[in-house]
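Okay, structure first, notes after.
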Number of protein chains: 2
Amino acid sequence: MRGEATPRLREALEDDIVAGRLRPGQRLDEVGLAERFNVSRTPIREALIQLASSGLVEIRPRRGAFVLLLGPRELIESFELMAEIEAACARLAARRMGDEDRAALERAHHACEDAVRAGDPEAYYPTNAAFHAAIYAATGNRVLAAEALRLQRRLQPYRRLQLRVPRRMDASFAEHEAILAALLSGDGEAAAEALHAHVLVQGERFMSLITALQDEAEVVARAG
Amino acid sequence: MRGEATPRLREALEDDIVAGRLRPGQRLDEVGLAERFNVSRTPIREALIQLASSGLVEIRPRRGAFVLLLGPRELIESFELMAEIEAACARLAARRMGDEDRAALERAHHACEDAVRAGDPEAYYPTNAAFHAAIYAATGNRVLAAEALRLQRRLQPYRRLQLRVPRRMDASFAEHEAILAALLSGDGEAAAEALHAHVLVQGERFMSLITALQDEAEVVARAG
DNA sequence: GTCAATGATCTTGTATGCAAGATTTGACTG
DNA sequence: CAGTCAAATCTTGCATACAAGATCATTGAC
């Protein structure tokens, strides 16, 4: 077994959580994971600690690790934070982005368009994430971009549900169009406002779904 | 040894870093720390991993852990992120803060005033941090506040140096006054702008000092 | 039949052991 | 005398061992 185990485990678990294969609230048993990955508990624990620090996992002392389950309040607050950070990204990106960034942004936008045309939410999901990531990158501020990505990943398990809402995908894409136009025209304030609303509306639309998920997940947590 | 060791170790190391007892760039030897705290390497490693995830420590695989040393670019970017986040806090706080928050903010401001009167940068430092923290809390958004605090701590080892700059403490306090006035009058935009500038100016003023620290720390890192 | 208490079982948190990669030291070569 | 290669030493990363707290089940009382 070459290379180091811990980073690999962290990525594998992170993918499982972000992709929804591990559901919010689910318990992460150290021994079980160790067996699944054919390693000892030590690197598993270290990976779990890292995931806890980046906000994907919650470790309750002496009780074990759980996929982070955001309550309604935390969820609203997280989307609000995301909206503020993305708005800041829009402002900076509009001011600073270069030709390379513009091209990447347009590529990402077209990829979204393809997914919308295909009417495939599963395909839209990653292209949407990439579009937002392209905005982060266009700020030229790597620290800010890393922070935005971290938050994006933290919210992805929840976002994922939202694309199932009828017509949401088309609405999302239309909003992207307005954001992109504002960015390309260099109007940072307009882009910031549009992006802020775009993120917040997602948070708000989620709430009903989330509450449902919440109940479901709690049942899972209790049963599992 | 009752209670759990890891959280205690994390806090102790975090305090050492934030307070400047452990300098940026300094190596953190697992065995040495284990002896110092009378524990095995295991909880030390877990504490270091947590500190790495919150951005106070850098772990280079197979090379060990080091107190995070931000380069000039990362430092500028971090202050820019901090400025954006604090500006967002100001906007939200101006809209939402209650009487309790107002009172806490004024108390924090008066504590700053005392330190300025005494002309004591060492005393001003924590009161300044508390003033900013009061703004975070006044947003009513705990997720946002937690994020702001995390960044604040990450930058504290660097901020700490800046209060040594002549007259900086008085200028900082004067800026606080303007920020507080805007917040209390409910003018979120003005508060946001003032706070944004307040944070950014710190970042900019730091740069010369930082470069000096950078060199010094690298020497320490190489020697240690 | 429900609830509480107590012991068995399981899981976490920490210590210790060991192998592999990194660093240092010292000798040797040009 | 500087530079380089190699072996010895040190450190990390992972595995395993063990103790203490948490969970669960069984039993007994009401």
Side-chain angles (χ1 to χ4, degrees), chain A residues 1-14 16-17 22-23 25-54 56-69 217-224, chain B residues 1-14 16-17 22-23 25-54 56-69 217-224:
Chain A
M1 195 80 50
R2 72 196 21 62
E4 284 157 26
T6 303
R8 183 174 57 87
L9 296 171
R10 188 184 51 68
E11 283 169 35
L13 289 171
E14 183 170 328
D16 280 351
I17 293 171
L22 292 171
R23 295 297 192 77
Q26 189 169 336
R27 182 150 185 284
L28 298 169
D29 177 56
E30 293 179 5
V31 178
L33 292 172
E35 282 169 7
R36 173 178 153 201
F37 289 105
N38 277 314
V39 294
S40 76
R41 280 175 51 224
T42 308
I44 293 285
R45 276 181 69 83
E46 298 192 345
L48 288 175
I49 289 170
Q50 289 180 299
L51 291 172
S53 300
S54 61
L56 286 171
V57 157
E58 182 188 357
I59 294 177
R60 292 182 233 170
R62 291 267 178 208
R63 318 275 311 264
F66 301 80
V67 179
L68 187 64
L69 176 65
E218 266 166 16
V219 171
V220 170
R222 240 170 260 146
Chain B
M1 193 78 52
R2 72 195 19 58
E4 285 159 24
T6 302
R8 183 173 57 85
L9 295 172
R10 189 185 51 68
E11 283 169 34
L13 289 171
E14 182 170 329
D16 280 350
I17 293 170
L22 292 171
R23 295 300 191 76
Q26 190 169 337
R27 182 151 186 284
L28 296 169
D29 177 57
E30 293 179 3
V31 178
L33 292 171
E35 282 169 7
R36 174 178 152 202
F37 288 106
N38 276 314
V39 294
S40 77
R41 281 175 49 222
T42 308
I44 294 285
R45 276 181 69 83
E46 298 194 344
L48 288 175
I49 289 170
Q50 288 180 299
L51 291 171
S53 301
S54 61
L56 286 172
V57 157
E58 183 188 356
I59 293 178
R60 292 180 234 171
R62 290 266 178 209
R63 319 275 309 262
F66 301 80
V67 179
L68 187 64
L69 178 64
E218 268 167 14
V219 171
V220 170
R222 240 170 261 147

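Computation of the quantities below employed the complete heavy-atom set of this structure, encompassing side-chain atoms and omitting hydrogens, waters and symmetry-equivalent molecules. Every chain is numbered from 1, with letters handed out A, B, ... down the list of sequences.
Position along DNA chain D of the nearest nucleotide to A/Pro61 versus A/Thr6 favours A/Thr6 as the more 5'-ward residue.
Atom pair B/Ile44:CD1 and C/dT16:P shows a separation of 14 Å (rounding to whole Å applied). Straight-line distance from the CG atom of B/Asp29 to the P atom of C/dA22: 17 Å, rounded to whole Å. Atom CZ of A/Arg62 and atom P of C/dT12 are 10 Å apart (whole Å). Note: CD (B/Glu30) to P (D/dC14) measures 11 Å, nearest angstrom. The distance between atom CZ of A/Arg27 and atom C1' of D/dT23, rounded to the nearest whole Å, is 10 Å. Residue B/Leu48 contributes atom CG, which lies 15 Å from atom P of D/dC14 at whole-angstrom precision. Rounding to whole angstrom units, CZ of residue B/Arg45 and P of C/dT16 are separated by 16 Å. As rounded to whole Å, 16 Å separates atom C1' of C/dG13 from atom CZ of B/Arg41.
The side chain of A/Ser40 contributes an N or O atom lying less than 4.0 Å from OP1 or OP2 of D/dA15.
One cannot find a donor-acceptor pair under 3.5 Å joining the base of D/dG21 and the side-chain atoms of A/Arg63.
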- [ ] Would you please test B/Glu4 and A/Arg62 for side-chain contact (heavy atoms from CB on, under 4.5 Å) and show each step?
- [x] CA-CA 9 Å; B/Glu4 285 159 24; A/Arg62 291 267 178 208; 3.1 Å; yes
Quiz item: Under the side-chain contact (heavy atoms from CB on, under 4.5 Å) criterion, do B/Arg8 and B/Val39 qualify, and how do the steps go?
Solution: CA-CA 11 Å; B/Arg8 183 173 57 85; B/Val39 294; 4.2 Å; yes
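Screening B/Val67, B/Leu51, B/Leu68 for a side chain to side chain contact (heavy atoms under 4.5 Å, CB included) with B/Leu56, the sole residue that qualifies is B/Leu51.
In this structure, CZ on B/Arg36 lies 9.5 Å from CG on B/Leu9, to the nearest 0.5 angstrom.
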